[in-house]
Amino acid sequence: SYKVSANQTEVDIAQNQLKVKYGFVMQRDEQRFEGRFLDYNLALDEGVARDVSLTFGGSYVKGRKVDIKRNKIIVYDAVFTRCELGAPCYRFEAKLLTIYPEWNIMVANDALFYASNAPVFYVPVYIIDRNSRAYSDVIPELGENRTEGRYVKMKLGYFANEKLQG
């Protein structure tokens with residue numbers, strides 16, 4: 001279960017419901033959420049949060065809406081990076097980011113990769129597996145030389161669809 005801190009909460013004991021409207025911080029293991037709104041079912045250990053920033057396994061994630069489930073976290077309109085979120089050196093923006101804390105995996109759907117503020121490429125499905133180097137986080141090499149000019153080089157494992165790996 002999570003530990004929640006907030007300035008103002010509403011608790012409906014009959015419905016096992018916790019509501020926070022004016023900002024919260026929620027922590028469990030290495031997961032830390034900060035957001036504006038939280039509606040959480042204590043009995044089911046599930047909830048919905050809005051305007052959220054969270055950390056997971058060294059990644060910084062922001063999202064418009066987050067569904068918190070027992071075995072996964074779903075982030076809508078997600079922005080994520082391993083750089084600090086102030087002005088990250090690179091980031092992904094994804095329509096949907098699903099985090100599986102138990103397996104230490106994140107799956108981004110419809111993701112666009114940015115180097116600084118420049119869009120570089122689109123990935124239909126991008127998997128970040130913190131247990132394996134096969135689909136590790138993007139750590140780009142930014143550089144410049146006479147032959148290539150300015151460049152961003154990286155190795156990226158991705159899926160074009162569920163059956164076709166790239």
Side-chain angles (χ1 to χ4, degrees), residues 2 5 20 22-38 47-166:
Y2 290 96
S5 301
V20 178
Y22 304 108
F24 69 92
V25 175
M26 193 162 87
Q27 181 93 31
R28 174 170 68 183
D29 302 325
E30 293 182 20
Q31 303 165 35
R32 179 182 168 86
F33 297 81
E34 292 184 37
R36 181 179 56 84
F37 171 84
L38 175 66
V48 175
R50 299 210 185 274
D51 300 327
V52 175
S53 295
L54 67 104
T55 56
F56 171 74
S59 290
Y60 301 94
V61 180
K62 283 188 176 184
R64 173 185 54 81
K65 176 185 171 193
V66 176
D67 288 337
I68 304 163
K69 307 288 186 185
R70 284 183 187 227
N71 62 349
K72 64 184 172 183
I73 300 162
I74 304 167
V75 184
Y76 299 88
D77 298 327
V79 175
F80 62 98
T81 183
R82 289 189 65 97
C83 302
E84 302 247 350
L85 273 175
C89 54
Y90 77 89
R91 71 182 186 277
F92 275 95
E93 292 186 5
K95 295 287 181 195
L96 188 70
L97 175 68
T98 306
I99 301 170
Y100 298 93
E102 182 178 346
W103 297 302
N104 217 13
I105 292 174
M106 298 189 329
V107 179
N109 295 87
D110 290 325
L112 189 58
F113 175 78
Y114 288 81
S116 191
N117 286 324
V120 177
F121 60 85
Y122 168 80
V123 182
V125 179
Y126 176 52
I127 299 172
I128 303 108
D129 182 349
R130 304 230 181 271
N131 301 314
S132 164
R133 300 312 292 168
Y135 299 103
S136 63
D137 268 321
V138 174
I139 302 174
E141 176 189 346
L142 304 174
E144 182 176 6
N145 62 38
R146 286 187 206 174
T147 307
E148 299 169 301
R150 291 183 181 168
Y151 62 82
V152 177
K153 292 182 180 180
M154 62 184 50
K155 293 181 182 178
L156 175 69
Y158 70 92
F159 290 82
N161 62 45
E162 292 178 7
K163 297 179 183 175
L164 180 62
Q165 296 184 27

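Starting from 1, each residue takes its place in the sequence as its number. None of these values were measured; they are calculated from a predicted model.
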Requested in this report: Check P119 against Y114 and note the closest heavy-atom contact, atom names and distance.
Outcome: N-CD2, 3.5 Å
**Report entry** Closest non-hydrogen atom pair, D67 against Y76
**Finding:** OD2-OH, 2.9 Å
Requested in this report: Report the relative orientation of the aromatic rings in Y2 and F33; use parallel for angles under 30°, tilted for 30 to 60°, perpendicular for over 60°.
Outcome: perpendicular
Report summary line: Residues P101 and F56: closest non-hydrogen pair is CA-CE1, 3.7 Å
**Report entry** Ring geometry between F80 and Y126 (parallel below 30°, tilted from 30 to 60°, perpendicular above 60°)
**Finding:** parallel
Requested in this report: Measure the CD1-CD1 distance between I73 and I99 for me, rounded to the nearest 0.5 Å.
Outcome: 5.0 Å
Report task. With rounding to the nearest 0.5 Å, note down the distance linking CG in N109 to CD1 in I127. Result -> 9.0 Å
Report task. Decide if atom NZ of K65 counts as having more than 12 heavy atoms of other residues, nucleotides or ligands within a radius under 6.0 Å. Result -> yes
Query raised in the report: Closest heavy-atom contact between R70 and R28?
Result: O-NH2, 4.2 Å
Requested in this report: Before accepting this row, confirm whether a basic side-chain N of the pair D110/K95 lies closer than 4.0 Å to the acidic partner's carboxylate O.
Outcome: no
Report task. For A49 and I68, work out which heavy atoms get closest and say how close. Result -> CB-CD1, 4.5 Å
Query raised in the report: For the side chain of T81 and the backbone of Y90, is there at least one donor-acceptor N/O pair under 3.5 Å apart?
Result: yes
Requested in this report: Output the distance between atom OH (Y100) and atom CE (M106), rounded to the nearest 0.5 Å.
Outcome: 12.5 Å
Query raised in the report: How many angstroms lie between CD in Q27 and CZ in R32, if you round to the nearest 0.5 Å?
Result: 5.5 Å
Report task. Kindly say whether A78 contributes a backbone atom to a donor-acceptor pair with the side chain of R64 at under 3.5 angstrom? Result -> no
Query - Nearest atoms (heavy-atom pairs only) where V107 meets I105 - result: CG2-CG2, 4.0 Å
**Report entry** Worked check of side chain to side chain contact (heavy atoms under 4.5 Å, CB included) between V75 and L54
**Finding:** CA-CA 10 Å; V75 184; L54 67 104; 4.2 Å; yes
Query raised in the report: What distance separates R91 CZ from L112 CG, expressed to the nearest 0.5 Å?
Result: 8.5 Å
Report task. Calculate, to the nearest 0.5 Å, the distance between atoms CZ and OH belonging to F37 and Y22 respectively. Result -> 11.0 Å
